[in-house]
Colleague: 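Dropping the structure in here first, questions after.
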Amino acid sequence: MTGGFPELPGAVPGSVVLRMAPFPSGALHIGNGRMLFVNQYYRDRYRGKLLLVFDDTAGSEQKRVETEFFNLILGDLALAGVRPDAVFYKSDRISNHYPWARRVIEKGAAYVCRCPAELLRENRAHGIACPERSQPVDETLAEWEKMLANGYAEGEAVLRLRTDLHDPDPAFRDRVLFRISDVDHPRVGHKYRVWPLLEFSWAVDDVELGVTHVIRGKDLVIEDRMQRFIWDLLGVRGPPFLHWGLLRVREAKVAKSKSYVEVKTGAYDGWADPRTWSLRSLDRRGISMDALRQFTLSFGLSLADIEVPAETLYAENRKLIDATTPRRSFVADPVRVEVEGYPFDLSEVVLPNHPDRAELGTRRVRAGPIFFLARKDVAGRAGTEVRLKDLVNVRFPLGEDGPVPEGVARPRFTSRENRKLARLQWVGASEAVAVDLLGTDGNHTQGVGEASLRRAQPGEVFQFERVGFVRVEADWKMGTSPVRVVYGHA
RNA sequence: GCUCCCGUAGUCUAGUCCGGUCAAGGAUUCGUGGCCUUCGACCACGUAACGCGGGUUCGAAUCCCGCCGGGAGCACCA
């Protein structure tokens with residue numbers, strides 16, 4: 001069921017080294033799953049090693065590194081079942097990059113530019129050289145030392161690569177290699193002021209860490225060219241690159257930085273809020289990581305940008321959990337009704353936990369004569385006969401249509417035999433337990449469920465019949481009311 | 001605008017490198033029917049695709065050219 005995964009060029013089984021490099025600015029979301037599972041897939045296929053390298057350089061206003069995210073991401077990996085063979089932090093390796101910078105400068109391929117960022121950008125767009133571009137090597141070396149020796153303030157100077165100002169791709173013209181940042185880094189504080197930018201740092205680390213193949217999103221293709229440029233310049237041999245295209249889940253406006261604000265301000269219920277579409281939010285909803293892996297791998301390594309409905313993921317999950325998930329009765333927005341003429345001997349029924357799986361056992365459910373029914377199930381039923389699922393048939397009296405006020409509609413018992421009637425979910429009023437259902441949209445729905453839910457295990461997954469799969473909150477204390485569950489999918 | 005990437009059914013994908021076995025396979029969605037006391041599962045059936053136009057060839061989803069459409073990049077972010 002996996003999509004296409006080509007051979008890694010020149011891969012030798014047993015000696016492949018892969019790396020994945022999340023930026024620690026939030027919990028991993030559904031899109032990041034691709035990074036995890038694709039790398040894991042190749043690691044396993046070639047019995048290689050997979051490194052986790054936190055890409056925690058200085059960042060920016062929009063993307064800032066925070067301490068809590070390291071463990072958050074480590075936790076996400078554990079959750080996803082992706083075990084890295086080693087963990088590195090870019091911030092530990094900054095000084096490793098300086099000798100490389102020196103080599104580039106000595107090749108005459110870089111210069112220290114003191115243009116303001118805007119001017120730099122402007123000039124790049126028009127292919128105009130900054131005055132410093134013709135800087136001789138020894139002067140660049142001196143300026144570089146000055147940068148390292150705190151001779152410049154943040155933003156005052158950068159080290160730029162000399163490529164070709166008329167390169168057809170404006171993005172490739174004299175890119176910045178190092179910049180100065182006074183950020184207080186959560187791991188290394190103010191130890192470094194001169195920070196490498198992504199492409200240079202990888203030009204160094206992919207080689208120093210012995211990475212044999214780089215597999216990353218295609219938003220990073222220009223970095224391939226940069227890395228190769230630097231390697232060619234230095235006569236170094238670097239790994240080949242492979243990419244996957246953009247993956248969007250239609251329902252998920254996947255933007256980690258966006259969730260960041262909502263989580264920080266408390267608008268969201270933490271990183272596991274269903275609206276984040278984070279890995280942990282999917283787990284919270286009872287979506288298995290195996291389903292997510294299969295879903296993700298089904299797209300192969302295609303470079304095409306794709307948008308997939310979440311239903312595809314749900315279908316994958318359903319296949320995995322349906323056969324083993326117990327059924328339970330739940331009624332949202334309940335209306336209390338009493339059935340007239342309800343048979344006295346039917347105060348309790350034994351129902352199977354799964355319609356097709358006898359081995360999942362049964363449970364006893366109290367019934368009648370007073371029930372909770374869903375308001376939307378009852379609306380407009382006047383004059384019609386329906387079946388209370390697994391129980392009896394009743395007829396709603398003829399009357400004015402519309403919403404049924406609580407306790408007013410008094411359906412009348414008609415018969416017991418199983419007939420082809422609309423089936424309504426019910427919960428016997430004598431034993432109903434309050435249930436709080438958290439929806440995918442972050443809203444809570446109150447309802448009632450059958451008594452056996454009181455004995456649910458935290459984290460247990462159920463199918464609420466005619467509603468969908470739900471998972472009991474892991475931090476719910478057994479026996480407390482209401483039973484807190486999270487909606488997964490239909 | 002410039003650079004790069006991508007176009008197979010509603011959606012995703014196999015096939016494209018090395019043209020014939022592809023009157024295009026799979027998954028999902030949707031529709032119909034069956035079955036089980038769920039609107040879920042399962043079973044059966046069905047709808048539905050090679051972006052367009054040229055060219056090469058006995059033969060093109062596959063090779064070439066042009067066009068059109070979509071996406072990403074053009075940060076002192078990653």
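Heavy-atom basis, side chains included; hydrogens, waters and symmetry copies ignored. These numbers come from a predicted model, not from an experiment. In what follows, chains carry the letters A, B, and so on, assigned in the order in which the sequence lines appear, proteins first and then strands, with residues in each chain numbered from 1.
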Colleague: Using purine N1 to pyrimidine N3 plus N6-O4 or O6-N4 for Watson-Crick, or N1-O2 and O6-N3 for G-U wobble, each under 3.5 Å, what pairs with B:rG73?
Modeller: B:rC2
Colleague: Please give the distance between the C1' atoms of B:rC6 and B:rG51 as a whole number of Å.
Modeller: 12 Å
Colleague: Begin from the C-alpha positions of A:Glu145 and A:Arg102 and carry the test salt bridge (Lys or Arg N to Asp or Glu O under 4.0 Å) through to its verdict.
Modeller: CA-CA 10 Å; A:Glu145 290 303 330; A:Arg102 212 179 163 83; 2.6 Å; yes
Colleague: For the rings on A:Trp144 and A:Phe178, is their centre-to-centre separation under 6.0 Å?
Modeller: yes
Colleague: Between B:rG71, B:rU11, B:rU37, which nucleotide gets closest to the side-chain atoms of A:Lys389?
Modeller: B:rU37
Colleague: Would you please name every residue forming a side-chain hydrogen bond (donor to acceptor under 3.5 Å, both in side chains) with A:Glu450, sequence neighbours left out?
Modeller: A:Arg363, A:Ser452
Colleague: Using a distance-only criterion (donor-acceptor N/O pair, under 3.5 Å, no hydrogens), is the base of B:rU38 paired with the side chain of A:Arg327?
Modeller: yes
Colleague: Which class fits the ring pair A:Tyr98 and A:Tyr192: parallel under 30°, tilted 30 to 60°, perpendicular over 60°?
Modeller: perpendicular
Colleague: So what does A:Ser302 touch, heavy atoms closer than 4.0 Å: a base, only the sugar-phosphate, or nothing?
Modeller: sugar-phosphate
Colleague: Using atom P in both nucleotides, what's the gap between B:rU29 and B:rG7 to the nearest angstrom?
Modeller: 25 Å
Colleague: Does a nitrogen or oxygen in the side chain of A:Arg318 sit under 4.0 Å from OP1 or OP2 of B:rA41?
Modeller: yes
Colleague: For a quick check, tell me whether the side chain of A:Arg423 and the base of B:rU38 share a donor-acceptor pair closer than 3.5 Å.
Modeller: no
Colleague: So, does A:Arg121 get its side chain near the phosphate of B:rC76, meaning an N or O under 4.0 Å from OP1 or OP2?
Modeller: yes
Colleague: Distance check needed: B:rA41 P versus A:His489 NE2, whole Å only.
Modeller: 10 Å
Colleague: Determine, stepwise, if the pair A:Arg133 / A:Asp174 fulfils salt bridge (Lys or Arg N to Asp or Glu O under 4.0 Å).
Modeller: CA-CA 9 Å; A:Arg133 191 166 199 271; A:Asp174 285 24; 2.7 Å; yes
Colleague: Establish whether the base of B:rA78 is bridged to the side chain of A:Glu223 by a donor-acceptor pair shorter than 3.5 Å.
Modeller: yes
Colleague: What distance, rounded to whole Å, do you find between the two C1' atoms, one in B:rC4 and one in B:rG46?
Modeller: 42 Å
Colleague: List the steps and the verdict of side-chain hydrogen bond (donor to acceptor under 3.5 Å, both in side chains) for A:Glu385 and A:Thr414.
Modeller: CA-CA 8 Å; A:Glu385 188 177 12; A:Thr414 53; 2.6 Å; yes
Colleague: RNA chain B: A:Phe464 or A:Val176, which has the more 5' nearest nucleotide?
Modeller: A:Phe464
Colleague: Could you identify the nucleotide paired to B:rG46, looking across every strand shown and requiring Watson-Crick or G-U wobble geometry with both distances under 3.5 Å?
Modeller: B:rC30
Colleague: Which whole-number value in Å describes the distance from A:Arg173 CZ to B:rC74 C1'?
Modeller: 9 Å
Colleague: Under 4.0 Å, heavy atom to any atom of RNA chain B: which of residues 142-160 of chain A qualify?
Modeller: A:Gly155, A:Val158
Colleague: Write down the distance between CE (A:Met226) and C1' (B:rA78), rounded to a whole number of angstrom.
Modeller: 14 Å
Colleague: Return the 5'-most residue of the pair A:Asp305, A:Trp202 with respect to RNA chain B, ranking by each residue's nearest nucleotide.
Modeller: A:Asp305
Colleague: With the side chain of A:Leu220 defined as its heavy atoms from C-beta on, choose the nearest nucleotide among B:rC74, B:rA72, B:rA78.
Modeller: B:rA78
Colleague: Searching all strands shown, indicate the nucleotide that pairs with B:rG7 (Watson-Crick or G-U wobble; both distances under 3.5 Å).
Modeller: B:rC68
Colleague: If you check every side-chain atom of A:Pro355, which of B:rG40, B:rC6, B:rU11 has the closest atom?
Modeller: B:rG40
Colleague: Give the rounded distance in Å between these two atoms: CG of A:Leu313 and P of B:rA27.
Modeller: 18 Å
Colleague: Mind calculating the distance between CD1 (A:Ile306) and P (B:rG10) to the nearest angstrom?
Modeller: 17 Å
Colleague: Between B:rG71, B:rU37, B:rG1, which nucleotide has the shortest distance from any of its atoms to the side chain of A:Lys218?
Modeller: B:rG71
Colleague: With a 6.0 Å cut-off on the ring centroids, do A:Phe37 and A:Phe295 count as close?
Modeller: no
Colleague: Identify which nucleotide among B:rA78, B:rC12, B:rC2 has an atom closest to any side-chain atom of A:Thr57, counting heavy atoms from C-beta outward.
Modeller: B:rA78
Colleague: Roughly how many Å apart are B:rU56 and B:rC65, using the C1' atom of each and rounding to a whole number?
Modeller: 11 Å
Colleague: Using the side chain to side chain contact (heavy atoms under 4.5 Å, CB included) rule, take A:Phe241 and A:Glu223 through it: C-alpha gap first, then chi angles, then the decisive distance, then the call.
Modeller: CA-CA 10 Å; A:Phe241 300 94; A:Glu223 279 74 14; over 6 Å; no
Colleague: Let's test your reading of the model: under 3.5 Å, does the base of B:rU38 pair with the side chain of A:Gln463 as donor and acceptor?
Modeller: yes
Colleague: Across the strands shown, which category fits A:Ala304 at heavy-atom distances under 4.0 angstrom: base, sugar-phosphate, nothing?
Modeller: sugar-phosphate
Colleague: May I ask you to evaluate whether A:Lys319 reaches the phosphate of B:rU28, defined as a side-chain N or O under 4.0 Å from OP1 or OP2?
Modeller: yes
Colleague: Name the pairing partner of B:rG59, where a pair is Watson-Crick or G-U wobble with both distances under 3.5 Å, or state none.
Modeller: none
Colleague: From the list B:rA41, B:rA78, B:rC6, which nucleotide is the closest neighbour of the side chain of A:Asp356?
Modeller: B:rA41
Colleague: Would one find more than 12 heavy atoms of other residues, nucleotides or ligands at under 6.0 Å from atom NZ of A:Lys191?
Modeller: no
Colleague: Atom CZ of A:Arg124 to atom C1' of B:rU3: distance rounded to whole Å?
Modeller: 14 Å
Colleague: How long is the line joining CZ of A:Arg175 and P of B:rC74, in whole Å?
Modeller: 7 Å
Colleague: Aromatic ring centroids of A:Phe54 and A:Phe69 under 6.0 Å?
Modeller: no
